[in-house]
Amino acid sequence: MQVAVVTFDGFNELDSFIASALINRCRKDGLEAFITTPTPVVTSMNGVEVTGQRPMEFVTEAEVVLIGSGVKARDVVADDRLISRLRLDSSRQLIGAQCSGVLVLARLGLLDGMPACTDMKTRRFVEACDVTVLDAPFHAEGNIATAGGCLASQYLATWVITRMLGEDAARDVIGYVAPVGENQETVERAMRAVHAGEVALH
């Protein structure tokens with residue numbers, strides 16, 4: 001089970017690295033995340049250069065695709081050639097996005113009639129795409145999830161692990177990385193956010 005953590009130039013380190021690091025704690029159970037980039041090397045919003053682990057085309061074979069945010073998100077969605085490389089299929093893939101990465105889902109037409117979560121700076125741009133923005137950290141309908149706020153990346157990871165391996169696996173991962181002395185409350189907060197944000201589709 002492979003996860004593509006789509007990471008563009010100008011990316012936010014908290015989005016890509018927290019999600020991939022948490023998911024990769026499940027490698028022994030067969031769930032593995034890879035930093036997936038449009039070019040061999042991308043530079044973060046703070047000047048950190050990262051070599052991609054997989055090329056953009058990896059998104060077509062991954063079971064899960066997570067799209068992080070960055071300071072160049074609006075340039076990304078305006079780049080037809082780059083967007084055309086993101087061939088996603090919500091009928092067979094779990095697809096998540098965070099903060100300005102939500103603009104990519106909107107551009108791809110994956111949020112049709114679905115509200116979304118994003119950060120405060122991106123909110124007006126998402127609303128300009130005729131998407132209702134929720135005042136919440138996490139929302140999911142079926143195989144599509146969105147998260148708002150850098151540290152909400154833990155909620156996207158919790159959702160992915162829960163969907164792929166079950167709630168016990170997610171609880172183990174969040175409990176392990178939680179601040180000492182705050183393990184139980186951190187686990188419960190993450191699970192509560194994911195459960196509260198999920199909409200049952202019948």
Side-chain angles (χ1 to χ4, degrees), residues 1-7 11-12 14-36 59 62-69 86 88-106 108 110-111 114-119 122 126 131-178 183-202:
M1 298 174 287
Q2 302 183 111
V3 181
V5 180
V6 178
T7 303
F11 72 95
N12 182 321
L14 292 172
D15 294 5
S16 292
F17 295 157
I18 291 176
S20 60
L22 292 177
I23 292 166
N24 278 330
R25 290 190 175 276
C26 300
R27 274 201 196 103
K28 67 183 186 304
D29 297 314
L31 182 62
E32 190 167 9
F34 300 91
I35 300 295
T36 302
V59 299
E63 283 81 10
V64 182
V65 179
L66 297 180
I67 301 172
S69 70
L86 285 168
L88 308 184
D89 182 355
S90 61
S91 69
R92 64 174 184 84
Q93 294 174 304
L94 293 185
I95 301 170
Q98 184 165 346
C99 297
S100 60
V102 173
L103 291 170
V104 176
L105 297 193
L108 293 170
L110 293 170
L111 297 177
M114 175 181 166
C117 300
T118 191
D119 64 282
T122 308
V126 174
V131 175
T132 299
V133 174
L134 302 172
D135 185 21
F138 178 84
H139 180 76
E141 293 186 20
N143 289 342
I144 297 178
T146 56
C150 300
L151 294 180
S153 49
Q154 64 183 299
Y155 301 151
L156 272 181
T158 298
W159 176 70
V160 169
I161 297 167
T162 299
R163 287 286 302 266
M164 302 300 282
L165 297 173
E167 188 172 308
D168 287 346
R171 285 177 172 274
D172 286 346
V173 169
I174 299 300
Y176 186 86
V177 302
N183 304 73
Q184 192 60 35
E185 63 190 88
T186 302
V187 170
E188 293 309 325
R189 184 187 307 114
M191 300 312 303
R192 189 166 58 246
V194 170
H195 289 317
E198 283 197 296
V199 173
L201 297 183
H202 300 291

Less than 3.5 Å apart, which donor and acceptor atoms pair up between the side chains of residues 157-164 and the rest of the protein, not counting sequence neighbours?
unit_1 : atom_1 : unit_2 : atom_2 : d
Thr158 : OG1    : Gln154 : O      : 2.7
Trp159 : NE1    : Glu198 : OE2    : 3.2
Thr162 : OG1    : Thr158 : O      : 2.7
Arg163 : NH1    : Gly142 : O      : 2.9
Arg163 : NH2    : Asn143 : OD1    : 2.7

Quick one: are [X] and [Y] in side-chain contact, heavy atoms under 4.5 Å?
X      : Y      : value
Val102 : Gln98  : no
Thr118 : Thr146 : no
Val194 : Phe138 : yes
Met114 : Thr132 : no
Glu32  : Asn24  : yes
Thr36  : Thr7   : no
Leu110 : Ile95  : yes
Val5   : Ile67  : no

Closest heavy-atom pair and its distance - [X], [Y]:
X      : Y      : result
Glu141 : Pro115 : OE2-CD, 3.3 Å
Leu156 : Ala147 : CG-CB, 3.8 Å
Cys117 : Ala136 : SG-O, 3.3 Å
Ala190 : Tyr155 : CA-CE2, 3.6 Å
Ala106 : Val131 : CB-CG2, 4.4 Å
Asn183 : Gly175 : ND2-O, 2.8 Å

*asked:* Looking at Arg92, is its backbone amide N or carbonyl O close enough to the side chain of Glu63 to form a donor-acceptor pair, meaning the two atoms are under 3.5 Å apart?
replied: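 The answer is no, because no donor-acceptor pair under 3.5 Å joins these two groups.
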*Determine yes or no for a side-chain-to-main-chain donor-acceptor pair under 3.5 angstrom, with Asp89 supplying the side chain and Ser91 the backbone.*
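Looks like yes, one N/O pair under 3.5 Å.
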*asked:* Evaluate Ser153 against Asp15 for side chain to side chain donor-acceptor pair (under 3.5 Å), listing each step before the verdict.
replied: CA-CA 6 Å; Ser153 49; Asp15 294 5; 5.2 Å; no
Starting at [atom1] of [X], measure out to [atom2] of [Y] and round the result to the nearest 0.5 Å.
X      : Y      : atom1 : atom2 : answer
Leu165 : Asp29  : CG    : CG    : 5.5 Å
Leu94  : Leu66  : CG    : CG    : 8.5 Å
Asn12  : Ser100 : CG    : OG    : 8.0 Å

*Does one side chain, of Asp119 or Thr122, offer a donor that lies under 3.5 Å from an acceptor on the other?*
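Side chains of Asp119 and Thr122: pair found under 3.5 Å.
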*Could you check Leu22 against Val177 for side chain to side chain contact (heavy atoms under 4.5 Å, CB included), going step by step and ending with a plain yes or no?*
CA-CA 8 Å; Leu22 292 177; Val177 302; 3.6 Å; yes
*Qualifying side chain to side chain donor-acceptor pair (under 3.5 Å) pairs with a residue from residues 164-176, counting only residues at least two apart or across chains*: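 For residues 164-176: Glu167-Arg171, Glu167-His195, Arg171-Glu188.
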